[in-house]
Visitor: 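Questions regarding the structure given below will be posed in turn.
Order of appearance sets the numbers: ligands from 1, and atoms from 1 within every ligand.
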Amino acid sequence: MSKKPVRVAVTGAAGQIGYALLFRIASGEMLGKDQPVILQLLEIPDEKAQKALKGVMMEIDDCAFPLLAGMEAHSDPMTAFKDTDYALLVGSRPRGPGMERAELLAINGAIFTAQGKALNAVASRDVKVLVVGNPANTNAYIAMKSAPDLKPGNFTAMLRLDHNRAASQIAAKTGKPVASIKQLAVWGNHSPTMYADYRFATIDGASVKDMINDQAWNKDVFLPTVGKRGAAIIEARGLSSAASAANAAIDHMRDWALGTNGEWVTMGIPSKGWYGIPKDIMFGFPVTCENGEYKVVEGLEIDAFSQECIDKTLAELQGEQDGVKHLL
Ligand SMILES: NC(=O)c1ccc[n+]([C@@H]2O[C@H](COP(=O)([O-])OP(=O)(O)OC[C@H]3O[C@@H](n4cnc5c(N)ncnc54)[C@H](O)[C@@H]3O)[C@@H](O)[C@H]2O)c1
Ligand SMILES: O=C(O)C[C@H](O)C(=O)O
């Protein structure tokens, strides 16, 4: 018997990431090739944006996706999020050259108060929320705090692009296939302070740290390359990453919904005190997923260098989250 369709809301649906994301959701790459979906697409109530959204929807229609069980255009989160099972909050301004993501808080923060409230009012009580719009961790925190009737743990921020970037750099350094890299983690904020950590990573059972055996490369090449990759792409492309961001969003939601078979992935989630990160800080942690739930990988040893990195990204997040109290 075929499965009941699930509702997937996507904001910023006519934007760059939206264009790289919607077709893949509709084709079953996110929730499985047997899972029908209803797309609930949100754009700003602006004639040009709504017209562009109609154009994207015409193209989606023209793909004749067998799993697409319905598609709606919205300009109000209160209708876009009605009964939604999954919400991908992408819609918000990207940064331009020379900006840091945190500078977007003043522009984008308020979007997530309104959207958190709307999710609180009308979404499924089990909605799984992924915040992509930057600064992603703090926007996710705002949305979570604006939705007191939903479970805080159902709000997540996207660190998966950083995880995938780290995996790709390690594959290049070791000359091994990216798929062979296991047990990678990215701690903290989706910002240059993030701490991509390969101390526990393995390739075919062997330690990646021992294979690389170069702390100078870790500190002076790997961490800055991963941490500043978004800026490097903006510099090269003139626009912020879109297809890789959409790909990471698909990976994040697919793994959360369908499980990771014991493999580690990175998700930005509200802390419950793990590794000394204060409660509710929206922090990147290594997790595994099973039965629609994520579980933090606990008990990892944090050495002095790692603690210093974790403290730095935590302090930045605390500063950002203190700075948005007026929105909550
Ligand atoms: N977390 C990550 O790893 C990551 C990666 C890449 C990009 N991003 C962020 O994702 C966001 C979107 O990037 P993009 O390249 O698609 O930008 P874009 O400008 O191409 O598209 C954004 C779209 O969002 C719409 N929008 C704005 N406010 C909205 C609102 N309140 N409700 C609904 N829609 C709204 C705009 O009209 C626009 O169509 C940016 O904030 C960017 O920095 C995050
Ligand atoms: O860096 C940006 O502003 C976009 C995005 O967050 C990225 O990491 O590519």
Visitor: Would the distance check show the side chain of Y275 and the main-chain N or O of G299 forming a donor-acceptor pair, the cut-off being under 3.5 Å?
Guide: yes
Visitor: Looking only at heavy atoms, is any part of H190 under 4.0 Å from ligand 2, and if so is it the side chain, the backbone, or both, or is it neither?
Guide: side chain
Visitor: Within the 3.5 Å criterion, strictly below it, is a donor on E43 or S75 matched to an acceptor on the partner's side chain?
Guide: no
Visitor: Which protein heavy atom lies closest to atom 7 (C) of ligand 2, and at what distance to 0.1 Å?
Guide: R165 NH2, 3.4 Å
Visitor: Using a 4.0 angstrom limit on heavy atoms, which residues are close to ligand 1?
Guide: G12, A14, G15, Q16, I17, L42, E43, I44, V90, G91, S92, R93, P94, I111, Q115, V132, G133, N134, A136, M158, L161, H190, S240, S241, A245
Visitor: Do V122 and D83 have side chains that approach each other closer than 4.5 Å (heavy atoms only, starting at C-beta)?
Guide: no
Visitor: Measure I233 to ligand 2 on non-hydrogen atoms and call it side chain, backbone, both or neither using the 4.0 Å cut-off.
Guide: neither
Visitor: Less than 4.5 Å apart, side chain to side chain, heavy atoms only: is that true for F285 and V297?
Guide: no
Visitor: Side chain, backbone, both or neither: which part of D162 has a heavy atom under 4.0 Å from ligand 2?
Guide: neither
Visitor: Take T288 and E263 through the side-chain contact (heavy atoms from CB on, under 4.5 Å) test and state the conclusion after the steps.
Guide: CA-CA 6 Å; T288 56; E263 305 281 344; over 6 Å; no
Visitor: Of the protein's non-hydrogen atoms, which lies at the shortest distance from atom 1 (O) of ligand 2, and what is that distance?
Guide: R95 NH2, 2.7 Å
Visitor: Could you tell me whether D280 and K272 have a side-chain N and a carboxylate O separated by less than 4.0 Å?
Guide: no
Visitor: Distance-only, no hydrogens or angles: does the S306 side chain make a donor-acceptor pair with backbone N or O of I302 under 3.5 Å?
Guide: no
Visitor: Taking only heavy atoms of I234 into account, list the atoms of ligand 2 that are under 4.0 Å away from them.
Guide: 2 (C), 3 (O)
Visitor: Go through the side-chain N and O atoms of N247 and S244 and say whether any donor and acceptor fall under 3.5 Å apart.
Guide: no
Visitor: Looking only at heavy atoms, which two atoms of S146 and L328 are closest? And how far apart?
Guide: OG-CD2, 4.2 Å
Visitor: Can a non-hydrogen atom of L104 be found less than 4.0 Å from any atom of ligand 2?
Guide: no
